[in-house]
4 protein chains.
Amino acid sequence: MLLQTVEQQLIEQGILADPQSPRGRLLAHAAKLFRNKGYQSTTVRDIAAAVGILSGSIFHHYKNKDAILKAVMLEGIYHSMGQMHAALEQAQGPKGKLRALIACELDSMNGSRGDAMTVVVNEWRFLSDGGQADILSLREEYEQLWISVLEQAFEQELLQCPPSVMRKLLYGAITWTDKWFRPDGELSEAQLIDEILKLAIR
Amino acid sequence: MLLQTVEQQLIEQGILADPQSPRGRLLAHAAKLFRNKGYQSTTVRDIAAAVGILSGSIFHHYKNKDAILKAVMLEGIYHSMGQMHAALEQAQGPKGKLRALIACELDSMNGSRGDAMTVVVNEWRFLSDGGQADILSLREEYEQLWISVLEQAFEQELLQCPPSVMRKLLYGAITWTDKWFRPDGELSEAQLIDEILKLAIR
Amino acid sequence: MLLQTVEQQLIEQGILADPQSPRGRLLAHAAKLFRNKGYQSTTVRDIAAAVGILSGSIFHHYKNKDAILKAVMLEGIYHSMGQMHAALEQAQGPKGKLRALIACELDSMNGSRGDAMTVVVNEWRFLSDGGQADILSLREEYEQLWISVLEQAFEQELLQCPPSVMRKLLYGAITWTDKWFRPDGELSEAQLIDEILKLAIR
Amino acid sequence: MLLQTVEQQLIEQGILADPQSPRGRLLAHAAKLFRNKGYQSTTVRDIAAAVGILSGSIFHHYKNKDAILKAVMLEGIYHSMGQMHAALEQAQGPKGKLRALIACELDSMNGSRGDAMTVVVNEWRFLSDGGQADILSLREEYEQLWISVLEQAFEQELLQCPPSVMRKLLYGAITWTDKWFRPDGELSEAQLIDEILKLAIR
DNA sequence: CATGAATGAGGGTTCATTCAT
DNA sequence: CATGAATGAACCCTCATTCAT
């Protein structure tokens, strides 16, 4: 609820796009293409064709291709943070909160809206310097959620290694699932969450 | 020594390039550029300029840009496997062997010859289908080294989770170090190896 | 009139280009350049410069250089067949019909739209295999017009030699006029037609 | 004999190459490649590979690619003229001489040494201006052989049309046989000669 | 807002030719 | 004479972006 307010505020501020709007549809298609083909291999024409418009029309919605990438990434991060905030509120204790974060990040990579977040991870270096600078504070805010939970666990001597290192190791392990994990495979999402949690917790 | 024999055989077979030769120098520069700028953002002219030749001359050494990428990857994998074989011979017990593998893979990403192996991980999807097919059996051989060691550890109930899952989680965690770990920072390479080992071993 | 209908249908079907349209102008310039310099010696920039656009713009109209060659050839063949059909309708008897065909083919090589047809003859081998396959049935249809008229003449014992041989000899003799015949020279087009007709008819 | 003297003189003068010599072998391979693939589509490397040397070595034999083309053409013309001179000496009367010329030209296009002469006809425009100028007088001498025979036939009212026109029509018909005539097909070479002769003679 | 022709810089690649060995 | 790495200009084609309609 608070969450939705935040998201809606962002939509009203023009930061995020309404999923029903032309811009929102464009972003969804762009995210999927960026994920599957990579940012550089996706042409503006590809996106336009997926949306059902012509290439020139793209630029009525976004200033340039870089702006599309940035918007996709913002969508991904905002959405993921929204889930994390909500999940943390319901979680109990450091271990429960860590489990919540792992579950959220795993879902943000592999779930129904995983396109945007995988793009954040895998196409980051293709975002222009200016775009990276604009998003960086948001990513730090995102990381801070993790760090604070990890520190709580560390203080209670639950963690295998220091929070800053643990975060990076977990980040690598979790984002890489994008390349191999299939939710409908032998290993269920819940099992995967537990396995990752076991790595982190002693 | 057996190892060096393997590498030399490959050089003689024309699979790997002599680091002193024009081809070897070309490969080293290409690997560094591919790592830093990405494969697609690196132009053939960039590589030629780095080597100190003109763009047309590139194609005397490699048929096309894709062949350069493939050669870089082969260098990376062969070199890494060489290190792993040697380290495994000297390691004692499942835990010692696992530590050896982690150390090797970490070094292959961050060590003095890390360019090639990071390219294998990060630019894989830009290798042509044919190129991927050619390398795939080698990658599987590489993975088999890991799996057999992990299975030994699993049988002795040392492992936190099943070998196939553990391998993928470790792979993500280790390869991601490329993005944040600096050997000359606060955390030493030896410490990082131990932290990762602790994740895997119960 | 029936003729014009055919041509217009083809234009509407997108097979032939409207001479006034950008594509039509492009084709006319390309045909002239291909005739004068040869297909391989004509660069895409040459064509663009002749049309008055930049090289990149060429590819908004045709997928690649090969497609331009194919389109030029289609124009040539369709135009020539149109003239032949119309002329045959008005011609009387085998000899009259043969004269009509000779006149048409001569005009298609040397007349105001001769660029396209000379390209068909002289640049055929530079058309891609796929392009040749696409056009082949049309060329066979074209040849069939000749063969049927020659067979009529042969049955009436007017012909110097069997139709299939006669056709090839005439084809060589007529298409070669492109290299030496000038309509404004001493020898008029009408005289040339008669001379060729005399070769064929006993 | 006189003929061979001429050819040998030319070889000694360095104008023609000894067929056994490296230059001669190079020319034979070049001629075949030029015929089959066209001059522009044949690379210097193609020729070198066919001969069994490396591309750089080509230029020890000929100054540049254009010089190879010129040499191939000279071979073709000299060889053809040699045949014509010999055949004319043995032929009786205008009709016999005309038949001899047709037979020679047909053989020069389709016979065992047809590569060189088809190159003269089909690749002429790719020879540099300087090269064309150098060969032109020889080609005129060649044509003069035809014209003088045709004029004799014309004076005896044997010819269907004036010599200059007849020559060009025959030239087109004969050279085109390269594209369709196969000596081992239904139509024998002797029959084809007769059919062509019938066209010319009333 | 949508269109789609045009832009123009830049990409990978080819190839005749040179030249030190 | 042969080699083969190097040259460098030119080629076809791509693509993000602009803009008149």
Side-chain angles (χ1 to χ4, degrees), chain A residues 21-23 26 39-49 51-69 128, chain B residues 21-23 25-26 39-48 51-69 128, chain C residues 21-23 25-26 39-48 51-69 128, chain D residues 21-23 26 39-49 51-69 128:
Chain A
S21 71
R23 289 169 73 105
L26 196 159
Y39 173 73
Q40 295 194 103
S41 297
T42 301
T43 70
V44 168
R45 276 182 169 78
D46 288 336
I47 302 172
V51 179
I53 59 178
L54 289 188
S55 68
S57 310
I58 290 269
F59 299 94
H60 288 286
H61 299 287
Y62 291 96
K63 189 177 131 231
N64 52 32
K65 196 184 170 190
D66 182 66
I68 301 175
L69 179 57
S128 64
Chain B
S21 73
R23 289 169 77 106
R25 292 183 55 236
L26 196 161
Y39 174 73
Q40 295 195 100
S41 296
T42 301
T43 71
V44 165
R45 285 174 174 83
D46 288 336
I47 301 173
V51 179
I53 56 177
L54 290 193
S55 69
S57 310
I58 291 271
F59 300 96
H60 272 273
H61 300 288
Y62 292 97
K63 193 178 127 226
N64 52 31
K65 198 185 168 190
D66 182 66
I68 301 175
L69 179 57
S128 64
Chain C
S21 72
R23 289 169 77 103
R25 292 183 54 237
L26 197 160
Y39 173 73
Q40 296 195 100
S41 298
T42 301
T43 72
V44 166
R45 279 180 170 80
D46 288 338
I47 301 173
V51 179
I53 58 178
L54 289 193
S55 68
S57 309
I58 291 270
F59 301 96
H60 272 273
H61 301 287
Y62 291 95
K63 193 179 127 226
N64 51 34
K65 198 184 168 189
D66 182 67
I68 301 176
L69 179 57
S128 64
Chain D
S21 72
R23 290 170 73 106
L26 196 160
Y39 173 73
Q40 295 194 99
S41 297
T42 300
T43 70
V44 167
R45 275 181 170 75
D46 289 336
I47 301 172
V51 178
I53 57 178
L54 290 187
S55 69
S57 310
I58 290 270
F59 300 95
H60 287 287
H61 299 287
Y62 291 95
K63 188 176 133 232
N64 52 32
K65 197 184 171 190
D66 182 66
I68 301 176
L69 179 57
S128 63

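Both backbone and side-chain heavy atoms feed into the values below; hydrogens, waters and symmetry mates do not. On a predicted model such as this, the values are computed, not experimentally measured, just so you know. Quick note on labels: first sequence line is chain A, next is B, and so on, each numbered from 1.
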K.L.:
Taking all non-hydrogen atoms of both residues, which atom of C/D66 and which atom of C/S128 are closest, and how far apart?
P.N.:
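Where C/D66 meets C/S128 most closely, the heavy atoms are OD2-OG, 2.7 Å.
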
K.L.:
Using whole Å, what does the distance between atom P of nucleotide F/dC11 and atom CZ of B/R45 come to?
P.N.:
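Going from CZ in B/R45 over to P in F/dC11 covers 14 Å.
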
K.L.:
Round to a whole Å and report the spacing from CD1 of A/I47 to C1' of F/dA16.
P.N.:
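The answer, rounded to whole Å, is 11 Å.
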
K.L.:
So what does B/S21 touch, heavy atoms closer than 4.0 Å: a base, only the sugar-phosphate, or nothing?
P.N.:
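Counting heavy atoms under 4.0 Å across all strands, no contact is made by B/S21.
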
K.L.:
By nearest nucleotide on DNA chain E, pick out whichever of B/V44 and D/D66 is the more 5' one.
P.N.:
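Result: B/V44.
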
K.L.:
Tell me what A/S41 touches on the nucleic acid: a base, only sugar-phosphate, or nothing, going by heavy atoms under 4.0 Å.
P.N.:
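The answer is nothing, as A/S41 stays clear of every strand by at least 4.0 Å.
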
K.L.:
Think D/K65 forms a cation-pi with D/Y39, using NZ or CZ under 6.0 Å from the six-ring centre and within 45 degrees of its axis?
P.N.:
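Yes, D/K65 sits over the ring of D/Y39.
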
K.L.:
Please name the residue in the list D/N64, D/I58, D/I68 that meets the side chain to side chain contact (heavy atoms under 4.5 Å, CB included) test with D/V44.
P.N.:
D/I58

K.L.:
Hey, where on DNA chain E does chain C first and last touch, going 5' to 3'? Cut-off is any atom under 4.0 Å from a heavy atom.
P.N.:
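With heavy atoms of chain C under 4.0 Å away, the range is E/dA5 to E/dG10.
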
K.L.:
What is the distance, rounded to the nearest whole Å, between atom CG of A/D46 and atom P of F/dC15?
P.N.:
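Rounded to the whole Å, the gap is 8 Å.
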
K.L.:
Counting only non-hydrogen atoms, which of residues 55-64 of chain D are less than 4.0 Å from DNA chain F?
P.N.:
D/G56, D/S57, D/H60, D/H61

K.L.:
Given that C/I53 and D/K65 both sit by DNA chain E, which one's nearest nucleotide is further toward the 5' end?
P.N.:
C/I53

K.L.:
Which pair of heavy atoms, one from C/V51 and one from C/R25, lies closest together, and at what distance?
P.N.:
O-NH2, 3.3 Å

K.L.:
In what stems does DNA chain F take part, counting only runs of at least 3 consecutive Watson-Crick or G-U pairs whose two distances fall under 3.5 Å?
P.N.:
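Expected stems, ordered by start: E:2-21 with F:2-21.
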
K.L.:
Working to the nearest 0.5 angstrom, can you tell me the gap between B/L69 CG and B/Q40 CD?
P.N.:
10.0 Å

K.L.:
Using whole Å, report how far CD of D/Q40 lies from C1' of F/dC11.
P.N.:
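D/Q40 atom CD is separated from F/dC11 atom C1' by 12 Å.
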
K.L.:
List the atom of C/R23, the atom of C/H61, and the distance in Å for their closest heavy-atom pair.
P.N.:
NH1-O, 3.0 Å

K.L.:
Any base atoms under 4.0 Å from B/L54, or only sugar-phosphate, or nothing? Heavy atoms, all strands.
P.N.:
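Result for B/L54 = base.
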
